[in-house]
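What follows is a set of notes on a single structure, which appears directly below.
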Amino acid sequence: MLTLQCLREERERVLASLAKRHIDAETTVDRILALDAQRRALQTELDQVLAESNTLSREIGGLMRDGKKEEAEAVKAQTAGLKDKSHALKESMDVAEEELQHMLVQLPNTPCDLVAAGKSADDNVEVYRNSEPPKAGGHAKPHWDIASEFDLIDFDLGAKVTGAGFPFYKGKGAKLQRGLIRFFLERADEAGYTEYIPPHVVNADSGYGTGQLPDKEGQMYHMQDDDLYMIPTAEVPLTNIYRDVVLNASDLPQKLCGYTPCFRREAGSYGKDVRGLNRLHQFDKVEIVQIAHPSESYATLDTMVEHVKGLLEALELPFRILRLCGGDMGFTSAMTYDFEVWSAAQERWLEVSSVSNFETFQANRLKCRFKDVDGKNKFVHTLNGSALALPRIVAALLENHQDHEGVTIPKALVPYVGFDRIEA
RNA sequence: GGAGGUUUGGCAGAGUUGGUCGAUUGCACCGGUCUUGAAAACCGGCGUGCCGAAAGGUACCGGGGGUUCGAAUCCCUCAGCCUCCGCCA
């Protein structure tokens, strides 16, 4: 979430920045500032009452020790009204604080300067494309047909055993998954990311820390009996490693990665968006995360973009990179690059990675700071990116590398999957 | 799942008949003296949030709540960790 200090000192900039998301936050921000002023005034008053109370209590303590019981009783009488007074002040302060927090967590992050204003995906800025989308040959089969023809993925079986959006991967389909995961992890390892196998289930504090709660409450599977959430991305457990942590400046950057299945309820999705592998309730993903020094974070973002770019090049897929506009960016992000691969049969771009800098937005919630050279604790910047999400990569591999007899596995991937062709 | 124990500042570890305890001490760490440099020794500093220009005030001894003029110390509750028993991959 945004810091109060930032709202206080840079109100105009924050409003202008949020306007790029097509959000008019003026009313909210001003209400927050009013509550903040109110809270501070109450705190000052409360502190005074408590100070008085503490002084008297110490006095009583001294008198009791000296055996002057009657004098102590007399002082005690002076404390009579103080407790009610402090309780009342505390209560008003808590009320103001609660409303303030409630409003504050609903404000999204401020897009950074480079981000364009915009309402929807149409306003995203394409910053890179490795090739023109191959012309439709008319014969390209969609991945769900290929998957079925070579018995790679069974959607119906998944629907029977669990429900729609939970496919079974089979035979070479399963090996392809396993190979891709290994391939992505090895590349992350080579790039200096430490591998983690995190829990696939997190508590509410963690959901809150990375911003899934309360914003996306309905998107996560929730286990009511234990009040735990299934992770929608490894970002949640990996970034929450740093919740309530103060790092040394020399510890930065922290680079970590991890493979996990991801679980998303995807309420409200329908149609061609959910066909085949396009959108699943459970999917596999390798995530890269960095905890960076504020002055380095945008350079870090660039290296992460380059990393993902390298993966897609190795897989020989046509792709483009978009810098998302304000209106299309996630709630917590200050800047996001989306990677999209071309689907030859569906003849459209499919998002396969999202690489973001959250600046201090998550760090503020996580209370993740570093001790700066001036001795002060400051918020770190957090970043993460998919490197990569599997289903649409598999879709693109099947569709783009198909021919009449089967599918050719890109050379870089062969050592990981153990075969170079998928055929009948 | 049952029984008991435990949870203090980066770590270790005092403090529980409630009263200058936000907290003794050691280690680690930072600065200084000494030294060609280092080590040792000695001196000083050394948790975090909030309010405040500052001085200072206030809050925090696992989380939350309560008793009291006053709680790290008493009570309730939740959680983590440890030991034993049970069950089990």
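Lettering follows sequence order; numbering is per chain, from 1.
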* **Under-4.0 Å side-chain N/O to phosphate OP1/OP2 contact, A:Asn54 with B:rG70** => no
* Structure fact -> Among B:rC69, B:rG57, B:rU48, the one nearest any side-chain atom of A:Ser57 is B:rC69
* Interatomic distance at C1', B:rU25 relative to B:rG13, whole Å -> 8 Å
* Taking all atoms of both residues into account, what is the closest heavy-atom pair of A:Ser297 and A:Leu383, and its distance? -> O-CD2, 3.4 Å
* To do: Go through the steps for A:Phe361 and A:Leu2 under the test side-chain contact (heavy atoms from CB on, under 4.5 Å), then give the verdict.
  => CA-CA 6 Å; A:Phe361 193 87; A:Leu2 300 174; 4.1 Å; yes
* **Side-chain N,O (A:Arg8) to OP1/OP2 (B:rC51) below 4.0 Å** => yes
* Asked: So what does A:Lys376 hit on the nucleic acid, given a heavy-atom distance under 4.0 Å: a base, only sugar-phosphate, or nothing?
  -> nothing
* How would you label the contact of A:Leu56 with the nucleic acid (heavy atoms, under 4.0 Å): base, sugar-phosphate, or nothing? -> nothing
* To do: Using the C1' atom as the reference point in each nucleotide, state the distance between B:rG44 and B:rU6 in Å, no decimals.
  => 37 Å
* Asked: Atom CG of A:Asn203 and atom C1' of B:rA79: how far apart are they, to the nearest Å?
  -> 11 Å
* Asked: Which nucleotide, B:rC50, B:rG52, B:rU48, lies nearest any side-chain atom of A:Arg40?
  -> B:rG52
* Structure fact -> Winner on side-chain proximity to A:Met64, out of B:rC50, B:rG19, B:rU58, is B:rG19
* Asked: Within this structure, what is the CG-to-P distance between A:Leu366 and B:rG49, rounded to whole angstrom?
  -> 16 Å
* To do: Take atom NZ of A:Lys90 and atom P of B:rC60, then tell me their distance rounded to the nearest Å.
  => 9 Å
* To do: Kindly express the pairing pattern of RNA chain B in dot-bracket notation, using | wherever a base pairs with another strand and counting only Watson-Crick or G-U pairs under 3.5 Å.
  => ((((((((.[[[..)...(.....]]].(((((.......))))).(((((....))))).[[[[[..)....]]]]])))))))....
* Whole angstrom is fine here: how far is it from CD in A:Gln5 over to C1' in B:rC51? => 14 Å
* To do: In whole angstrom, give me the gap between the P atoms of B:rG47 and B:rG22.
  => 15 Å
* To do: Could you tell me which non-hydrogen atom of A:Met329 sits nearest to which non-hydrogen atom of A:Thr336, and how far apart they are?
  => SD-N, 3.8 Å
* Worked verdict on A:Gln48 versus A:Gln43 for side chain to side chain donor-acceptor pair (under 3.5 Å) -> CA-CA 9 Å; A:Gln48 281 165 4; A:Gln43 164 127 40; over 6 Å; no
* Residue whose nearest RNA chain B nucleotide is more 5′ - A:Val246 or A:Leu46 -> A:Val246
* To do: Ignoring backbone atoms, test whether A:Lys76 places a side-chain nitrogen or oxygen under 4.0 Å from the OP1 or OP2 oxygen of B:rG19.
  => no
* Please measure how far the C1' atom in B:rG62 lies from the corresponding atom in B:rG9, and state the result in whole Å. => 14 Å
* B:rG19 and B:rU68, which share atom name C1', separated by this distance in whole Å -> 12 Å
* **Ring geometry between A:Phe370 and A:His293 (parallel below 30°, tilted from 30 to 60°, perpendicular above 60°)** => tilted
* Asked: What heavy-atom pair brings A:Gln212 and A:Thr233 nearest, and what distance separates the two atoms?
  -> NE2-CG2, 4.4 Å
* Asked: So what does A:Thr79 hit on the nucleic acid, given a heavy-atom distance under 4.0 Å: a base, only sugar-phosphate, or nothing?
  -> sugar-phosphate
* Structure fact -> Rounded to whole Å, NZ of A:Lys83 lies from P of B:rG66 at a distance of 10 Å
* Between atom CG in A:Asp226 and atom P in B:rG80, what is the gap in whole Å? -> 11 Å
* Asked: Mind checking whether A:His307 and A:Tyr193 have parallel, tilted or perpendicular rings, split at 30° and 60°?
  -> tilted
* Rounded to the nearest angstrom, tell me the gap between atom CD in A:Gln43 and atom P in B:rA59. => 10 Å
* Separation of the P atoms in B:rG66 and B:rU17, to the nearest angstrom -> 25 Å
* A:Arg369 side-chain N/O to B:rG49 phosphate OP1/OP2 under 4.0 Å -> yes
* How far, in whole Å, is B:rU73 from B:rU8 if one measures between their C1' atoms? -> 12 Å
* Interatomic distance, A:Lys69 NZ vs B:rC69 P [rounded to whole Å] -> 14 Å
* Using the six-membered ring wherever Trp is involved, compare the ring planes of A:Tyr128 and A:Phe319 and label them parallel, tilted or perpendicular (cut-offs 30° and 60°). => tilted
* Take atom C1' in B:rG15 and the same atom in B:rA23, then report the distance between them in whole Å. => 8 Å
* **A:Phe166 ring center within less than 6.0 Å of A:Phe155 ring center** => no
